[in-house]
Amino acid sequence: MPADWLAPTDLKQAAAVQRELARRVVAEGPPGPVRTVAGVDVSNFPRDPTGRVFAAVVLLDAGSLKPRATATAMRVAPIPYVPGFLGFREVPALVAAFAGLPERPDLVLVDGHGVSHPRGLGIAAHLGVLLGLPTIGVAKSILVGHPAGELPPAKGATVPLSWNGREIGTVLRSKDRVAPLYVSIGHKVGPAAAPDLVLRCCTKYRLPEPTRAAHEAANAFRRHWAAENA
DNA sequence: GCGACAG
DNA sequence: ATCTTGTCGC
């Protein structure tokens, strides 16, 4: 694996890497039963010139949605945040965090888009391909594309997310009368299965439990790090 | 050229 | 992403 795959020289090269990795995305799966689900997220210091990213991954039981293990890792992002290139900032730290997990999850829910991305490689697909794990992108807002119709207000409602005449994801109502989530496959997951898998992780909040747990873990990790490095 | 723009 | 106060609805 070329070094610039993790730390590209410029955005032009980064885009080329994304197009290459996008070819390796597998749009079907999961290959087996989903007994465990992991949630991943990254926390940052506001206006931090050093660009430190604090990553966390939480493994939970897919049935009870109870946390089973947590792992964290801190890295310095190789590039600043630029829409369309989020993966280069967060994936290295997330991969490092996964190394600290006691076991590999059957599925991973990622904060951000999967293939609903300008070059078909949002952070969920990026992470999935590098880890070789089934991943789904769960974003809170749109990067590219438009909802193909009006989304009903009830939890579980869906409508396709289209872009240039192509269906790239699904707009999903994860809770009654709240802003929808934008779901797209990351890697080793089929487009039809993705929305159901995400909904299965949603209880009483807008965001799925794995994502909520990871968000909390990443914030706790960052605060803990700050307290010991004062 | 102008508008859009995950976290 | 992070910060922050008030406000609205169940």
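Quick note on labels: first sequence line is chain A, next is B, and so on, each numbered from 1.
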Among C/dT2, C/dC10, B/dG7, find the nucleotide with the atom closest to the side chain of A/Arg222. C/dT2
So which nucleotide from C/dC10, B/dC5, B/dG7 ends up closest to the side chain of A/Arg177? C/dC10
To the nearest Å, give me how far apart [atom1] ([X]) and [atom2] ([N]) are.
X        : N     : atom1 : atom2 : value
A/His113 : B/dG7 : NE2   : P     : 7 Å
A/Phe85  : C/dA1 : CZ    : C1'   : 18 Å
A/His146 : B/dG3 : NE2   : C1'   : 12 Å
A/Tyr81  : B/dG7 : OH    : P     : 7 Å
A/Asn44  : C/dA1 : CG    : P     : 9 Å
A/Asp48  : C/dT2 : CG    : P     : 12 Å
A/Glu216 : C/dT2 : CD    : P     : 11 Å
A/Lys204 : C/dG9 : NZ    : P     : 20 Å

Is it the case that atom CD in A/Glu28 sees more than 12 heavy atoms from other parts of the structure closer than 6.0 Å? no
Using only atom types and a distance under 3.5 Å, with no angle test, would you say the side chain of [X] pairs donor to acceptor with the backbone of [Y]?
X        : Y        : answer
A/Arg206 : A/Ala179 : yes
A/Arg52  : A/Asn44  : no
A/Asp10  : A/Lys12  : yes
A/Thr135 : A/Val108 : no
A/His117 : A/Gly84  : yes
A/Asp106 : A/Arg35  : yes

Under 4.0 Å between any heavy atoms, over every strand shown, what does [X] touch: base, sugar-phosphate, or nothing? Just pick one.
X        : value
A/His215 : sugar-phosphate
A/Gly137 : nothing
A/Asn219 : sugar-phosphate
A/Ile123 : base
A/Phe88  : nothing
A/Ser43  : sugar-phosphate

Between A/Leu109 and A/Leu101, is there a shared hydrophobic cluster once you connect ILVMFWY residues whose side-chain heavy atoms come closer than 4.5 Å? yes
If you group Ile, Leu, Val, Met, Phe, Trp and Tyr by side-chain heavy-atom gaps below 4.5 Å, do A/Val37 and A/Leu59 land in one group? yes
Just N and O in the side chain of [X]: are any of them under 4.0 Å from OP1 or OP2 of [N]?
X        : N     : result
A/Tyr182 : B/dA6 : no
A/Lys140 : B/dA6 : no
A/Ser116 : B/dA6 : no

Residues sharing A/Trp225's hydrophobic cluster, by side-chain heavy-atom contacts under 4.5 Å among ILVMFWY, directly or via others? A/Phe45, A/Phe54, A/Met74, A/Phe221
Where are the stems of DNA chain B, defined as at least 3 consecutive Watson-Crick or wobble G-U pairs with both distances under 3.5 Å? none
Given Watson-Crick and G-U pairs under 3.5 Å, DNA chain C in dot-bracket ([ ] crossing, | other strand) is ..........
